[in-house]
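So that the names make sense, note that chain A is the first sequence line, chain B the second, and so on, each numbered from 1.
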Amino acid sequence: MPELPEVETTRKGIKPYIQDQRVTKLIIRQPKLRWPIPLSLHDMQGQKIRSVKRRGKYLLLETDQGTALLHLGMSGSLRVVDADSAHEKHDHVDIVFANNKAIRLRDPRRFGALLWTVDDPLQHKLIRSLGPEPLSDAFNADYLFKQSRGRTVSIKQFIMNGHMVVGVGNIYACESLFKSGISPKRSAGKVSKKRYETLVLMIKEVLADAIEQGGTTLKDFVQAEGKPGYFQQQLNVYGRMDDDCLVCGSTIKKITQGQRSTFYCGTCQR
DNA sequence: CCCTGAACCTGACCGC
DNA sequence: TGCGGTCAGGTTCAGG
């Protein structure tokens, strides 16, 4: 489910409820996520949330004693609920706060993660080697062009690689390439500098627009307060196989790249 | 280092 | 209604 805009939407949604709030209780109904939830996470109890940050698709809940790292995987969502409200299937964790609110992690497929680190979270193994934030100045055409030289992978898989740039998942990779007029099949190493200029701009534009719209709700993404996102109304190619291209009218195609579906317009994208 | 494909897991949907 | 196959918004890891 969640790419960067959905995670950022979630971050913004939970922050007002938990910033400076003290964790009173941790309820772990299912510890088996991508990795087991560590017992040390209980050290979070009694701590105040000092900041609610995001790095790539990871949420960082910082306290004085350590930081919770939270990833939503493919099917995860976080909602703010009343602490005593009834949980449903796949509601694996509640982090309960002194204000009687809780953030509740639901993740049917359990590809998400919830970890605890007492060290600098940015130096954590999973975070350390991540590429730049797509909306930062560090993510620019010079950088991406240099990284791409000599690489034979498709441009689509290249921009989805979190070590190159974080946060660009399957939907927004497809959409950014469409807006850039670049074929998803082209080798990353053969894309010109000029086209990387465009691509970087389009990635930034698509992600920023999606954040403004509260993310994309395909089936079950919800914001922290339970509302869906609205960016799906602006999708040009994702999920539109056999539909007409909104720009040129030709038929949108679907192929598989790196075990993921890619949607594109063979006329607009070269 | 680079690339590819398996693995992790559940649920929805489709065709028979 | 049931059954099997396919697909799904992510990422790590093993092997070549």
Looking only at atom types and distance, does a side-chain atom of [X] sit under 3.5 Å from a main-chain N or O of [Y], one as donor and one as acceptor?
{"X": "Ser180(A)", "Y": "Ile182(A)", "value": "no"}
{"X": "Ser51(A)", "Y": "Lys53(A)", "value": "no"}
{"X": "Gln30(A)", "Y": "Lys32(A)", "value": "yes"}
{"X": "Glu3(A)", "Y": "Ile171(A)", "value": "yes"}
{"X": "Arg260(A)", "Y": "Asn170(A)", "value": "no"}
{"X": "His92(A)", "Y": "Asp107(A)", "value": "yes"}
{"X": "Lys190(A)", "Y": "Thr152(A)", "value": "no"}
{"X": "Ser85(A)", "Y": "Val81(A)", "value": "no"}

- Query: Can you tell me how far P in dG9(C) sits from the matching atom in dC13(B), rounded to whole Å?
  - Reply: 16 Å
Nearest-Å distance, [atom1] ([X]) to [atom2] ([N])?
{"X": "Phe263(A)", "N": "dA8(C)", "atom1": "CZ", "atom2": "P", "answer": "6 Å"}
{"X": "Arg109(A)", "N": "dT11(C)", "atom1": "CZ", "atom2": "P", "answer": "13 Å"}
{"X": "Arg55(A)", "N": "dG10(C)", "atom1": "CZ", "atom2": "C1'", "answer": "16 Å"}
{"X": "Ile171(A)", "N": "dC7(C)", "atom1": "CD1", "atom2": "P", "answer": "18 Å"}
{"X": "Tyr172(A)", "N": "dG10(C)", "atom1": "OH", "atom2": "C1'", "answer": "14 Å"}
{"X": "Arg260(A)", "N": "dT11(C)", "atom1": "CZ", "atom2": "C1'", "answer": "9 Å"}

Under 4.0 Å, counting only non-hydrogen atoms across every strand here, what does [X] touch: a base, just sugar-phosphate, or nothing?
{"X": "Arg110(A)", "answer": "sugar-phosphate"}
{"X": "Lys57(A)", "answer": "sugar-phosphate"}
{"X": "Tyr238(A)", "answer": "sugar-phosphate"}
{"X": "Tyr58(A)", "answer": "sugar-phosphate"}
{"X": "Arg151(A)", "answer": "sugar-phosphate"}

- Note on the structure: The residue, Gly258(A) or Gln147(A), whose nearest nucleotide of DNA chain B is more 5′ is Gln147(A)
With the side chain of [X] defined as its heavy atoms from C-beta on, choose the nearest nucleotide among [options].
{"X": "Phe111(A)", "options": "dT12(C), dC7(C), dG10(C)", "result": "dG10(C)"}
{"X": "Leu218(A)", "options": "dT12(C), dG10(C), dG9(C)", "result": "dG9(C)"}
{"X": "His71(A)", "options": "dT12(C), dA8(C), dG10(C)", "result": "dG10(C)"}

- Sequence neighbours excluded - salt bridge (charged side-chain N to carboxylate O under 4.0 Å, His left out) pairs with any residue from residues 147-161 of chain A: none
Any residue of [range] with a heavy atom less than 4.0 Å from an atom of DNA chain C:
{"range": "residues 85-95 of chain A", "answer": "none"}
{"range": "residues 223-230 of chain A", "answer": "none"}
{"range": "residues 154-168 of chain A", "answer": "none"}

Please determine if [X] and [Y] form a salt bridge, counting it only when a charged side-chain N lies under 4.0 Å from a carboxylate O.
{"X": "Glu6(A)", "Y": "Lys57(A)", "value": "no"}
{"X": "Glu225(A)", "Y": "Arg79(A)", "value": "no"}
{"X": "Lys48(A)", "Y": "Asp64(A)", "value": "no"}

For [X] and [Y], does a side-chain donor sit closer than 3.5 Å to a side-chain acceptor?
{"X": "His87(A)", "Y": "Arg29(A)", "answer": "yes"}
{"X": "Tyr196(A)", "Y": "Gln147(A)", "answer": "no"}
{"X": "Asp242(A)", "Y": "Thr251(A)", "answer": "no"}
{"X": "Gln232(A)", "Y": "Thr216(A)", "answer": "no"}

- Is there a side-chain polar atom (N or O) of Ser75(A) under 4.0 Å from OP1 or OP2 of dA8(C)? no
- Task: Using a cut-off of strictly less than 4.0 Å, decide whether Lys254(A) has a side-chain nitrogen or oxygen near OP1 or OP2 of dA8(C).
- Result: yes
- Item | Bracket string, DNA chain C, 5' to 3' - pairs by Watson-Crick or G-U geometry under 3.5 Å, | interstrand | .|||||||.|||||||
- Would Tyr172(A) and Phe231(A) count as a close aromatic pair, with their ring centres under 6.0 Å? yes
- Contact boundaries on DNA chain B for chain A, cut-off under 4.0 Å to non-hydrogen atoms: dC2(B) to dG11(B)
